[in-house]
Amino acid sequence: MSQFGPDYVRAIAPYQAGKPIAEVAREFGLDEAKIVKLASNENPFGIPESSRAAMAQAAADLGRYPDANGFELKAALSARYDVPADWITLGNGSNDILEIAAHAFVQKGESVVYAQYSFAVYALATQGVGGRAIVVPAKDYGHDLDAMAAAIEPDTRMVYLANPNNPTGTFIPAAEIEAFLQKVPSNVVVVLDEAYNEYLAPEHQFESSQWVRKYPNLIVSRTFSKAYGLAGLRVGFAIAQPAVTDLMNRIRQPFNVNSLAQAAAVAALNDKDFLEKGAQNNAEGYKQLTAAFDELGLEYVPSFGNFVLVKVGMDDQAGARVNLALLKQGVIVRPVGNYGLPQWLRISIGLPEENAAFIAALRKVLG
């Protein structure tokens, strides 16, 4: 089949998602009900009840196509973020937003800048359009913004920034990001990926959507998959000025956000109690995990998301070895060797009992 497709498509390594519970149960002969999944940064509380009710109501009209323009969802987002509705692009998850941006602004051979140890989809989206990746070495497992600004070349068309960053959990303060935006040429689009924004402590939160008024080349990307608990429904969105959203909507697939997802997202957006419960559980779970890592003498990266990156050995097989041993005990976490971190595992923060099950399994594996 090598005669089909361009070389840059054949060079893409398909995205590897976290193992589903059912797959682990089949592979290791385990009871699905006893398996703990802390691999994909999902909300441990699942979908909010407000979204369940909204979907039940929307289900009566599933024989018709979704609202292709997402009027109700855009109106809710417009009110929440104080931007015009035509500044919003809807996506089938924020992954869709990241890929739409690449298709809209990057041509074959042009360059895209992103940081080492940042989200794998940046590389996939760049490869998918035949772009050239400029990967800037990380600084303390996070973004080196000065080096990223210096790495921009005449043919650079886009920069991806993740804040907080996945899989390392690092965070960039607002002042540093704005200073970076001021350095970026006006013809280079900056995608600020804030998939984990809602997990930030109040003292670290800032409303980047308002920067869009000042920087016409800025796209702010958000998702309902994490804090809002809608990972299975796939809803993301971008905020940018109309000149940018117009191009993205020319690339966006029609009906890319289904009717149930739109209804669930509107309900979740206004469910403050659910968000607060999730944020509190995340803060307490972070302390639970890191206290265990401290006791075990394990190095970890301080995280601002709903996960922790922890080093489980010194050799390059450590991550894979410990991951397999955990799977055999019914605990699913995320190895990150594909990010160039073969000694590390990324652990999603779950419910207290799920965290405890992982800690007990890890103690057993490490002896």
Side-chain angles (χ1 to χ4, degrees), residues 12-44 46 95 116-124 138 141 165-170 196 225-226 231-232 282 285-303 305-367:
I12 295 173
Y15 180 78
Q16 297 294 322
K19 276 182 174 287
I21 289 175
E23 180 181 333
V24 172
R26 291 193 302 269
E27 186 173 348
F28 297 100
L30 301 173
D31 180 355
E32 284 191 30
K34 295 181 180 179
I35 292 175
V36 171
K37 185 183 180 187
L38 301 176
S40 300
N41 302 342
E42 296 150 334
N43 192 314
N95 277 29
Q116 180 188 25
Y117 308 142
S118 57
F119 190 31
V121 170
Y122 305 159
L124 294 175
Y141 298 100
N165 183 53
N166 173 29
T168 63
T170 53
Y196 300 91
S225 295
K226 311 303 182 186
N282 195 67
Y286 179 78
K287 293 177 182 177
Q288 184 182 6
L289 290 180
T290 55
F293 297 152
D294 287 336
E295 183 182 342
L296 290 166
L298 298 177
E299 179 184 353
Y300 59 90
V301 179
S303 177
N306 66 336
F307 55 87
V308 187
L309 186 71
V310 60
K311 192 174 186 178
V312 293
M314 299 302 294
D315 62 275
D316 285 348
Q317 287 74 46
R321 183 175 61 249
V322 173
N323 177 64
L324 178 59
L326 290 172
L327 286 173
K328 291 178 178 179
Q329 295 186 67
V331 177
I332 311 172
V333 298
R334 191 61 180 266
V336 285
N338 59 315
Y339 285 93
L341 296 163
Q343 302 165 339
W344 300 72
L345 296 173
R346 189 193 68 192
I347 318 301
S348 302
I349 297 171
L351 299 173
E353 59 271 23
E354 293 174 324
N355 300 332
F358 157 70
I359 291 167
L362 182 64
R363 289 183 191 279
K364 183 176 179 181
V365 170
L366 299 179

**OP:** Show your working on side chain to side chain contact (heavy atoms under 4.5 Å, CB included) between Phe119 and Asn95 and close with a plain yes or no.
**Re:** CA-CA 10 Å; Phe119 190 31; Asn95 277 29; 3.4 Å; yes
**OP:** Run the numbers on Leu366 and Leu298 for side chain to side chain contact (heavy atoms under 4.5 Å, CB included), then give the verdict.
**Re:** CA-CA 11 Å; Leu366 299 179; Leu298 298 177; 3.9 Å; yes
Subject >> Verdict with supporting geometry, Tyr339 and Thr168, side chain to side chain contact (heavy atoms under 4.5 Å, CB included) >> reply: CA-CA 10 Å; Tyr339 285 93; Thr168 63; over 6 Å; no
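Partner Val24 forms a side chain to side chain contact (heavy atoms under 4.5 Å, CB included) with one of Leu30, Val36, Val331 and no other, that one being Leu30. Of the candidates Val333, Val310, Leu345, Val322 forms a side chain to side chain contact (heavy atoms under 4.5 Å, CB included) with just one, namely Leu345.
For the residue pair Gln288 and Asn355, the shortest heavy atom distance occurs at OE1-ND2, 3.0 Å. Shown here for Pro44 and Glu354, the closest heavy-atom pair between the two residues is CB-OE1, 3.9 Å. Closest of all the heavy-atom pairs between Ile349 and Leu38 is C-CD2, 4.4 Å. Contact detail for Ala318 and Gly313: the closest heavy-atom pair is CB-CA, 3.5 Å. In this structure, Pro167 and Leu309 approach most closely via the heavy-atom pair O-CB, 3.7 Å. The minimum heavy-atom distance between Glu32 and Ala25, with the atom names listed, is CG-CB, 3.5 Å.
The main-chain N or O of Arg334 is never found under 3.5 Å from a side-chain atom of Asn323 such that the two would form a donor-acceptor pair. Between the Ser303 side chain and the Gly305 main chain, a donor and an acceptor come within less than 3.5 Å of each other. Asn306 contributes a side-chain N or O that, together with a main-chain N or O of Asn41, makes up a donor-acceptor pair within less than 3.5 Å.
Atom CG of Asp294 and atom NZ of Lys287 lie 13.0 Å apart (nearest 0.5 Å). Atom NZ of Lys226 sits about 12.0 Å away from atom CG of Asn282, to the nearest 0.5 Å. Here the NZ atom belonging to Lys364 is positioned 11.0 Å from the CG atom belonging to Leu326, to the nearest 0.5 angstrom. Atom CD of Gln329 sits about 10.5 Å away from atom CZ of Phe358, to the nearest 0.5 Å. In this structure, CG on Asp315 lies 7.0 Å from CD on Gln343, to the nearest 0.5 angstrom. For the atom pair Asp316 CG and Leu341 CG, the distance stands at 10.5 Å (nearest 0.5 Å).
For Trp344 and Tyr117, the gap between ring centers reaches or exceeds 6.0 Å.
Relative orientation of the Phe293 and Tyr300 rings is tilted, given thresholds of 30° and 60° on the angle between their planes.
Remark: Lys328 NZ is loosely packed, at most 12 non-hydrogen atoms of other residues, nucleotides or ligands lying under 6.0 Å away.
Between the side chains of Asn166 and Arg346, at least one donor N or O lies within less than 3.5 Å of an accepting N or O.
Side chains of Leu327 and Glu27 form no contact here, defined as non-hydrogen atoms less than 4.5 Å apart.
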